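For clarity, every value in this text was computed on a predicted model and none was experimentally measured.
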Amino acid sequence: MILLTAFKNTSSEKLIKALRDYDKLFLDNDREKSVNQLTSRLDEKTYDLILAFGQRPLIKDKIHFESAAKDKEGGQYSTDFDIEKTLKICREIGITAKRSDNAGTSYCNNIYYHGMQYISLNSLKTQMCFVHIPFDKNISDFDVFVKKIVFLLNRCNSELMRKNGA
C-alpha cells in the first residue's frame, strides 16, 4: 500500500488531490505539526511506500527524487527506495526526472528526515522517498503531468506487488 503526502496550499497538494485510489495525507505547513501528522498515520496504518511530495522553485516540467534528508547536526537518512529504477520508468513514460541529493532546508527536508527516522526507530518495513515537483506556474500542462504521475504510481505499485509476492 502506498501513502502520498503533500503540504497544504502547494502544487503538490493540487497534484495528489487529482489522484485516486491512494491513501493521502495533507500536511500542515508547520514543522512539528506535519511530523506529528505523519507519525500518527504510521501508528494507525502500515504502508509499503510513502511518497512525500513537495514543490521546488526553479524546476519546470520535471521532478526530483530526493536521495537523502539531513538534520542540522549532520545526521542523515538515505532512502532505500530504488530511485535509479524509478528514473528508468520515468524515461520510459516521458517524465523528465532526476536524482537529487538536496532535499532542501525547510519543510520538505524536515518531514523527510523525521519520516525516515520514525521508520528506522520503529523498524518499519516501509520505504520512503521525497519527490519535488514544480510550482503550478512551472507545469506546462497540469492534466498531462497528472496523467504521467498516475502512470508512474501504477508502475511503482505493480513493482511493490511483484516484490511482495502479491
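When side chains are defined from C-beta on, L3 does not count as touching L51, because their heavy atoms never get closer than 4.5 Å. A heavy-atom distance below 4.5 Å is not found between the side chains of I111 and T5. Contact annotation: the side chain of C108 never approaches that of Q55 to less than 4.5 Å [non-hydrogen atoms, C-beta and beyond]. No side-chain heavy atom of T79 sits less than 4.5 Å from a side-chain heavy atom of Q127.
Checked against ring pair (Phe, Tyr, Trp, His ring centres under 6.0 Å), F65 has no partners two or more places apart in sequence or in another chain. Residues forming a side-chain contact (heavy atoms from CB on, under 4.5 Å) with S123 (at least two apart in sequence, or on another chain): none.
Applying the side-chain hydrogen bond (donor to acceptor under 3.5 Å, both in side chains) test to pairs two or more places apart or on separate chains, those with a residue in residues 129-139 are E66-H132. For residues 113-125, no pair satisfies salt bridge (Lys or Arg N to Asp or Glu O under 4.0 Å), with sequence neighbours left out. Under the ring pair (Phe, Tyr, Trp, His ring centres under 6.0 Å) criterion, no residue pair touches residues 14-57, with sequence neighbours excluded.
Nearest heavy atom pair, residue L25 against residue L38, reads CD2-CA, 3.7 Å.
Between the side chain of D101 and the backbone N or O of S67 there is no donor-acceptor pair closer than 3.5 Å. Remark: the backbone N or O of K62 is not paired with any side-chain donor or acceptor of K98 at under 3.5 angstrom. Between the side chain of N29 and the backbone N or O of K8 there is at least one donor-acceptor pair closer than 3.5 Å. Distance alone, capped at 3.5 Å, is enough to place a donor-acceptor pair between the S11 side chain and the P134 backbone.
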Under 3.5 Å, which donor-acceptor pairs do the side chains of residues 141-152 form with other protein atoms, sequence neighbours left out?
from: D141; atom 1: OD1; to: D143; atom 2: N; distance (Å): 3.2
from: D141; atom 1: OD1; to: V144; atom 2: N; distance (Å): 3.2
from: K148; atom 1: NZ; to: G94; atom 2: O; distance (Å): 2.8

